[in-house]
Every structure is written in C-alpha cells, then in structure tokens.
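Single-structure report; data block below.
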Amino acid sequence: MNSKITPELGRAAMRALFETRSPLGPLKVMAQHVGRFFQIPLPGFRPYVVFGPEAARKVLVTERDKLLWRNTDPVTDLLGRGVLITDGEEHDRYRELMEPPLHPSNLSGYTQMMIGQTDRVTSQWKNGDTVDMLVESRKIALLIIMQTLFSKDVWKDLPRIWNPILKAIDFISPGAWIIWRNIPRFGFRKPLRELDDYLFEIIDERRKTKETHQDLLQHLIDAGLTDKVIRDQMLTMMIAGHDTSTALLAWIFALLGQHPETHAHVVSEVNSKDRSPLLDHVIKESLRLYPPIHIGNRRVAENMEFAEGTVPAGERMFYSIYLTHRDPSVWENADDFCPERFAHGRKTPPMSYIPFGGGPRACIGAAFGQAEARIVMARLLQTFSFEPMNADKIHAHMGATLEPRPGVMMKVLRIPPNF
Ligand code: HEM
C-alpha cells in the first residue's frame, strides 16, 4: 500500500498543505490517489486512515470491540476517566448516567433558555459593530451547555473561565506533540488548574446546597461518583458539548456569508415559518462539509481487516468523517455547498453521513446539538442582519474541532421589532 506513495504524491500533498493551510488538503490528496485506506507517511507518526461507509460500519458498529477509544495522548491527560475516552463497562456506566438530560424528549424544555442565552450575548452588540461569530458562538454555546447540564449561570464568570477553556482546547488540539511525544508543553499548568478549581467549586456548592436539581451534575453526584470522576465527566461534557456547537454555528455563518442567496432565503423562512426547512438543510450541509469532529481516533487492539488491507494490532487508526462526507463516489458535487441535497430525505447509503459518529458510541448530544443550532440560528437571524466582512478569507483549521479561521467577521444591525 505504501508503495503507492511516490515522490510526486508527496509533493502534491505538500502543495495541498500550503494551498489549504490545513492537513485536510494532504489527506484529500492521499484519498484521491491511494484510496479509502492509507497510512500517513510522517516520521514518528504513521497512523492508518480509513473512510467510506463500509469502513465506518466496521469501526463504529460491527468490529468496534477490536478498538480502544483510550489513547496515550493529551486528551486522556486532560479528561481522565471521561465518558469520551473510557472503554467497556466503565464507559457504559457513565454513558447511562449522562443520557437522560440530553434525551430528545427533554429538549423542548430548553428552548426558552437557549433563546435567552442567545439574547444575552447579542445584548452586548452595538448597531454597526463587526463581531466574530466564532467568538460569539462560543459564548452562546458555553452559556447554554453549563446551564443545561449543571444549572450553572456562567455569564458573570466568562472572563474568569474564557482563557482556561481556550487553553484546555489548545492542549488537546493537534500539534508538534503528535510527532515529538515528549516535547515539553509550557503555559498549560496554571490555566488547567484554574479550570479544575472552577469545576470543583461547582461540585462543592452542589453538595452543600439544600435546593433540588434534576440535571446531569445531580445524576453524577447521586450515583456516588468521586469528585475527581465527576470533574472528568463535567469537563468532557463542557468541552465536547460546546466546542462542537461553536464550530457548527460559526461554519453556518461562514457558509451563509459565502452564499448570499441561500442566506436571504433562510432569513425569509425563519421570519415566515414556525420551522424553516431550509435552515435544517443548511445545518445538515454544514455538518457534511465541515464536520466539527472530523476524525475518530482509535487504538487497534486486534488486527482489523479492510477490503484494501490490514491494520495490525497496536497501531493508531483514524476513521475520517471529513473524507467520508466528501467521497465523490458517494456524494454528487461532493465539495459544493448544496443544502437542497437534503430536501427529499437521504439518498446516499447508510453510514455515508456520520457527523455524529454512529453505533452504540454515537454522539450523546446529537439531538441536543442540532436543536441548539436550529434555535440559536433562528433567533439570531430574526433579531439581527448579518453582513459578511471576510467570507472569501476563511479556511478550515484543524484544532480540537474543525474551525473556520481566522474567524467569521460579520457586521451586525439589529432588526427593529415588527419590521
Ligand atoms: C454539533 C454538535 C456536535 C457534533 C458535530 C458532535 C460530534 C460527535 C462525534 C463525531 C462523536 C463520536 C466520536 C468518535 O466516534 O470518536 C461524538 C461523541 C460524543 N459527543 Fe458529540 N458532537 C456534538 C455535540 C455534542 C454535545 C452537545 C454533547 C454533550 C452535551 C456531546 C457529547 C459527546 C460525548 C460525551 C461523546 C462520546 C460518546 C461515547 O463515547 O459514548 N456532543 N460527538
């Protein structure tokens, strides 16, 4: 398989790296020239990459027991025993505790709170301001997730936790540590400790209070978990539950900025219908083109056979959501923004659209994340007009999630009531 990696291919991959300013470019070149199974040919970093519906089914459903979610990388260092990175019975126990507050049947109860948190953030905008929707979306998503899961209003605490949260995200983002495992990483100890202090304070307050709560934090406390394990689940949910939504909201704005006709059409629908079908399709298409979680990271515990080759036990393997969503043999005009493709139900094979993963470990917040995007987007588009200021300068950055960089700059004007 690696014999297919010629010097020309190496050069094409390097060119794609510079052109796209992201490792997504070289990954796409590898996929085009080598196929749905290849190894990243970097010194000290040679994970296998698989993609496509058949591979996704194996990895997520039929052969998932051959894989470990736990990896020896900073994600594990940060999240400890978090549900995202534990395996077996321990994982299943945490997951069972965490599902109820995010169950689709509970979602309608969050609508007004989501609208209220959106309005709090926009109350700071002045007419004619240019705001970065990557930053503003993060504020909204953080307020919403902390209120939903821990009944914690973090509005006044945003200045205290903002930098520690960005540092935590930076800590788990890909970087030089991938190749040089023991490279010293400076500047993280203090902010990560500050974030821990904040979470332990919330746990402590809750243990002391006489008020009753029915949220995730209460489930974790009532289950008898230690403060440390509760902190691990809280941090996992806080990061997984807001960084993804931040990226999704920001990408929707980026794409609307690049497609003014769709933008105008969505605005008209959110103002004339209870629920805009086009907004639903825009959300789906954004998740297809720029899936916030663009790969699943696994350690292979038992040899895994794919049509194109074997991944030996002990190796690291990525299943690429990004490449699956842009596979031209599955998706027509795979790189084009075309929300209408979702207008008449799914036409592509099962496991070809996997923005939330799949199988028993599919995203625990999939329904919540989509409802949140719908509610927040509708509210923003009903209350403000948005004029894109840097639509042609945005590129995908591979951080902890796939983010639109250098940000999504929008000039905002409040729409007068009854306009
Ligand atoms: C647009 C929003 C979101 C996207 C695109 C997204 C995407 C994903 C994906 C792709 C996975 C599977 C990863 C893998 O297979 O390795 C996943 C898992 C997970 N997500 Fe999400 N997510 C979103 C929102 C949320 C929210 C709102 C929460 C929590 C409130 C959440 C919590 C989790 C957790 C805990 C897991 C691990 C589940 C397990 O291993 O059992 N996510 N997410």
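These numbers come from a predicted model, not from an experiment. In each ligand, atom 1 is the first atom listed, and ligand 1 is the first ligand listed. Only this structure's heavy atoms are used, side chains among them; waters, hydrogens and symmetry mates stay out.
- In terms of protein heavy-atom proximity, atom 19 (C) of ligand 1 is closest to Cys363 CA, 3.7 Å.
- In this structure, OG in Ser245 is found 8.0 Å from CD1 in Ile144, a value given to the nearest 0.5 Å.
- In the vicinity of Thr244, heavy-atom distances shorter than 4.0 Å reach the ligand 1 atoms 2 (C), 3 (C), 4 (C), 6 (C), 22 (N), 23 (C), 24 (C), 25 (C).
- Among all protein heavy atoms, the one lying closest to atom 28 (C) of ligand 1 is Gly241 CA, 3.5 Å.
- Among protein heavy atoms, atom 37 (C) of ligand 1 sits closest to Leu84 CD1, 3.2 Å.
- Within the structure, the closest approach of Gln370 to ligand 1 does not fall below 4.0 Å when heavy atoms are considered.
- Cation-pi check for Arg299 over Trp69 is not met; the charged atom does not lie both under 6.0 angstrom from the ring centroid and within 45 degrees of its normal.
- Distances from ligand 1 to the non-hydrogen atoms of His91 include at least one value under 4.0 Å.
- Protein heavy atom closest to atom 33 (C) of ligand 1, with residue, atom name and distance, is Ile364 CG2, 3.6 Å.
- Considering only non-hydrogen protein atoms, atom 6 (C) of ligand 1 sits nearest to Phe356 CD2, 3.7 Å.
- Centroid-to-centroid, the aromatic rings of Phe306 and Tyr48 stay 6.0 Å apart or farther.
- Within the listing of ligand 1, atoms 30 (C) sit less than 4.0 angstrom from a heavy atom of Ile145.
- Ligand 1 has at least one atom lying under 4.0 Å from a heavy atom of Ile321.
- Counted by atom type alone, Gln117 and Arg120 present one or more donor-acceptor pairs between their side chains at under 3.5 Å.
- In this structure, of Glu372, Arg298, Arg361, the residue bringing a heavy atom nearest to atom 14 (C) of ligand 1 is Arg298.
- Interface atoms of ligand 1 facing Pro292, defined by a heavy-atom separation under 4.0 Å, are 5 (C).
- Taking each of Ala362, Ser245, Pro355 in turn, the one with a heavy atom nearest to atom 10 (C) of ligand 1 proves to be Pro355.
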